[in-house]
Amino acid sequence: MPAYSTLSIEPDLQHPRIARLRLNRPERLNAINGEMPGEIRQAVRWAEGQDSIHVIIVDGAGKGFCGGYDLQAFGQGRVDHPCQQEAEPWDPMQDYPVMRGFTEDFMTLWHSRKPTIAKVHGAAVAGGSDIALCCDLLVMADDARIGYMPTRVWGCPTTAMWAYRLGPVRARQMMFTGDVISGRTAADWGLANSAHPAEALEAEVLRLALRIAGVPTGMLAMHKLVLNQVMQLQGLDQAQTLSTVFDGITRHNPEGLWFRRLAQAEGFKAAVEWRDSGRPIPQGDEARAAIAAMEAGGSLPLESFK
């Protein structure tokens with residue numbers, strides 16, 4: 001079996017037509033680091049090369065599916081990275097190819113000739129929701145959570161899958177609020193194929209995977225290609241280009257820099273708590289003033305942003 005630092009993949013011991021791809025950084029809630037996207041690509045390619053494998057189940061080790069990008073490392077420290085440039089003006093053409101590469105890595109789950117099923121327990125949020133929504137099918141625990149909180153500040157879903165998977169009306173609600181919904185709500189809204197009590201999730205996902213695994217691989221590949229072409233003709237690639245450019249902007253405009261400085265000054269947990277609380281997020285000159293105060297080592301005037 002191939003060996004990776006952030007995940008594992010192997011045939012199911014009892015059902016060799018099924019591959020199990022497991023995100024495996026449980027100590028960090030399977031957060032996405034610099035290696036995970038490329039390892040997802042490699043794992044999917046390995047599974048595609050195995051004639052015996054018909055379907056891939058993707059899940060997460062430990063408490064949840066994936067908590068998003070590992071922003072405690074990238075967001076809390078003064079790390080100069082193509083996706084977090086400290087110099088001004090920022091260079092979007094350093095940012096874009098890195099994030100586009102991550103998006104294309106996740107999209108190997110979508111392009112794969114073998115159908116992919118995201119089995120979600122715990123949280124599939126922020127970048128973790130990108131991974132889940134790049135899979136063909138989504139099955140969740142009733143109490144699991146999915147959403148993209150960074151749409152409030154410091155993020156734009158680069159895979160652009162929300163509108164295609166959920167529809168424009170509900171997708172607008174999710175993108176404008178940054179809210180997180182339960183697996184049960186995701187199923188009711190049509191985002192998830194189904195939701196089940198946590199204790200029944202494995203059995204239900206396995207039942208679905210076995211049903212798919214009985215179909216010849218050529219049939220699966222043809223049907224998947226047709227369905228994917230429909231989304232491509234609807235402009236998926238163009239939407240991903242735009243969303244990836246916008247994602248870079250959200251991390252380098254005044255609001256994004258404010259969020260980063262808050263994480264550096266008070267810790268990433270405090271910055272996320274502000275972002276998700278519904279408290280107004282400073283913008284423009286207000287954000288610049290708060291940035292200047294934090295960079296000068298002063299206290300942040302919290303009462304100004306109630």
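Bear in mind that the values here come from a model prediction, so they are computed numbers and not experimental data. Below, all heavy atoms of this structure are taken into account, side chains as well, without hydrogens, waters or symmetry copies.
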Problem - Contact summary for Cys83 and Asp95, nearest pair of heavy atoms - result: CA-OD2, 3.4 Å
Practice task
Determine, step by step, whether Thr6 and Glu39 satisfy the side-chain hydrogen bond (donor to acceptor under 3.5 Å, both in side chains) criterion, reporting the C-alpha distance in whole Å, the side-chain angles of both residues, the deciding distance to 0.1 Å, and the verdict.
Solution key: CA-CA 7 Å; Thr6 67; Glu39 292 192 345; 2.6 Å; yes
Problem - Joint hydrophobic cluster, Val139 plus Leu227, side-chain heavy atoms closer than 4.5 Å - result: no
Handout entry: Derivation of the side-chain hydrogen bond (donor to acceptor under 3.5 Å, both in side chains) call for Gln264 and Arg261
Key = CA-CA 5 Å; Gln264 291 160 349; Arg261 292 291 179 261; 2.8 Å; yes
Problem - Donor-acceptor under 3.5 Å (Trp274 side chain, Pro280 main chain) - result: yes
Practice task
State whether the side chain of Asp237 and the backbone N or O of Gln232 hold a donor-acceptor pair below 3.5 Å, judged by distance alone.
Solution key: no
Problem - Tyr164 (side chain) donor-acceptor with Met231 (main chain) under 3.5 angstrom - result: no
Problem - Sidechain-backbone polar pair: Asn30 side chain, Phe65 backbone, donor-acceptor under 3.5 Å - result: yes
Problem - Side-chain (Arg152) to main-chain (Asp276) donor-acceptor, under 3.5 angstrom - result: no
Handout entry: Separation between OG1 of Thr217 and CD of Gln50, rounded to the nearest 0.5 Å
Key = 12.5 Å
Completion exercise
Nearest heavy-atom contact between Arg165 and Asp136 is NH2-O, 3.8 Å
Completion exercise
Sequence neighbours excluded, the answer for side-chain contact (heavy atoms from CB on, under 4.5 Å) partners of Met93 is Asp91, Tyr96
Practice task
Taking only Lys NZ, Arg NE, NH1 and NH2, and the carboxylate oxygens of Asp or Glu, determine whether Glu204 and Lys119 approach each other closer than 4.0 Å.
Solution key: no
Practice task
Inspect the contact between Glu48 and Arg45 and indicate whether a charged nitrogen and a carboxylate oxygen are less than 4.0 angstrom apart.
Solution key: no
Exercise for the section: Keeping the roles fixed (side chain from Arg20, backbone from Asp12), state whether a donor-acceptor pair exists under 3.5 Å. Expected result: no
Fill in the blank from the handout: So NE2 of His196 and CZ of Arg184: to nearest 0.5 Å the spacing works out to 7.5 Å
Exercise for the section: For residues Met36 and Asn33, determine if any side-chain heavy atom of one lies less than 4.5 Å from a side-chain heavy atom of the other. Expected result: yes
Practice task
Look at the side chain of Glu10 and the backbone N and O of Ala19, then say whether any donor-acceptor pair between them is shorter than 3.5 Å.
Solution key: no
Handout entry: Heavy-atom pair with the smallest gap, counting every atom of Val153 and Gly256
Key = CG2-N, 4.3 Å
Problem - Rounded distance (nearest 0.5 Å) linking atom CH2 of Trp189 with atom CD of Gln173 - result: 4.0 Å
Problem - Spatial distance of atom OG (Ser182) from atom CG (Asp143) [nearest 0.5 Å] - result: 8.5 Å
Handout entry: Heavy-atom check, side chain of Met140 versus side chain of Leu191, under 4.5 Å
Key = no
Problem - Lys269/Glu273 ion pair, N-O < 4.0 Å - result: no
Handout entry: Donor-acceptor contact below 3.5 Å, side chain His54 vs main chain Gly214
Key = no
Exercise for the section: Using a cut-off of 6.0 Å, state whether more than 12 heavy atoms not belonging to Gln283 lie near its atom CD. Expected result: no
Fill in the blank from the handout: Heavy atoms of Gln240 and Thr159 approach each other most closely as NE2-O, 2.9 Å
Exercise for the section: Please examine the side chains of Asp130 and Met161, heavy atoms only from C-beta on, and report whether any two atoms are closer than 4.5 Å. Expected result: no
Handout entry: CA sep, side-chain torsions, deciding dist, call: Arg170, Asp179, salt bridge (charged side-chain N to carboxylate O under 4.0 Å, His left out)
Key = CA-CA 11 Å; Arg170 293 292 195 187; Asp179 285 347; over 6 Å; no
Exercise for the section: Look at the side chain of Gln85 and the backbone N and O of Pro82, then say whether any donor-acceptor pair between them is shorter than 3.5 Å. Expected result: yes
Practice task
Mind listing the closest non-hydrogen atom pair of Ile9 and Ala47 along with its distance?
Solution key: CD1-CB, 4.0 Å
Handout entry: Interatomic distance, Met99 atom CE to Ser243 atom OG [nearest 0.5 angstrom]
Key = 9.5 Å
Exercise for the section: Report the C-alpha separation of Ile212 and Leu137 in whole Å, then their side-chain angles, then the decisive distance to 0.1 Å, and conclude whether the side-chain contact (heavy atoms from CB on, under 4.5 Å) test is met. Expected result: CA-CA 11 Å; Ile212 295 169; Leu137 305 175; 3.7 Å; yes
Problem - Greater than 12 external heavy atoms within 6.0 Å of Gln14's CD - result: no
Problem - Criterion side-chain contact (heavy atoms from CB on, under 4.5 Å) on Asp105 and Ile40, from CA distance to verdict - result: CA-CA 7 Å; Asp105 289 338; Ile40 290 174; 5.5 Å; no
Exercise for the section: Give the C-alpha distance, both sets of side-chain angles, the deciding distance and a yes or no for side-chain contact (heavy atoms from CB on, under 4.5 Å) between Met175 and Tyr148. Expected result: CA-CA 7 Å; Met175 296 300 96; Tyr148 207 101; 4.2 Å; yes
Fill in the blank from the handout: Distance col, row Leu23:CG vs Ser8:OG, nearest 0.5 angstrom, shows 8.5 Å
Handout entry: Side chain proximity check, Leu236 to Met107, heavy atoms < 4.5 angstrom
Key = yes
Exercise for the section: Indicate yes or no: at least one non-hydrogen side-chain atom of His121 is less than 4.5 angstrom from one of Asp59. Expected result: no
Problem - Carboxylate-amine/guanidinium contact Arg260 Asp80, below 4.0 Å - result: no
Exercise for the section: Indicate if Ile146 and Ile57 have the same hydrophobic cluster label, given that clusters are the connected sets of ILVMFWY residues with side-chain heavy-atom separations under 4.5 angstrom. Expected result: no
Practice task
Taking all heavy atoms of Ile56 and all of Ser112, pick out the closest pair and write down the distance.
Solution key: CD1-OG, 4.2 Å
Exercise for the section: For residues Cys66 and Ile32, determine if any side-chain heavy atom of one lies less than 4.5 Å from a side-chain heavy atom of the other. Expected result: yes
Exercise for the section: Examine Trp110 and Trp162 and state if one hydrophobic cluster contains both, with Ile, Leu, Val, Met, Phe, Trp and Tyr joined whenever side-chain heavy atoms are less than 4.5 Å apart. Expected result: yes
Handout entry: Same cluster (ILVMFWY, side-chain, under 4.5 Å), Leu208 and Val55
Key = yes
Problem - Main-chain N/O of Leu109 paired with Thr116 side-chain donor or acceptor, under 3.5 Å - result: yes
Exercise for the section: Determine whether Val215 and Ile117 fall in the same hydrophobic cluster, where Ile, Leu, Val, Met, Phe, Trp and Tyr are linked whenever their side-chain heavy atoms lie under 4.5 Å apart. Expected result: yes
Handout entry: Steps toward side-chain contact (heavy atoms from CB on, under 4.5 Å) verdict (Phe259, Ile281)
Key = CA-CA 9 Å; Phe259 181 80; Ile281 293 166; over 6 Å; no
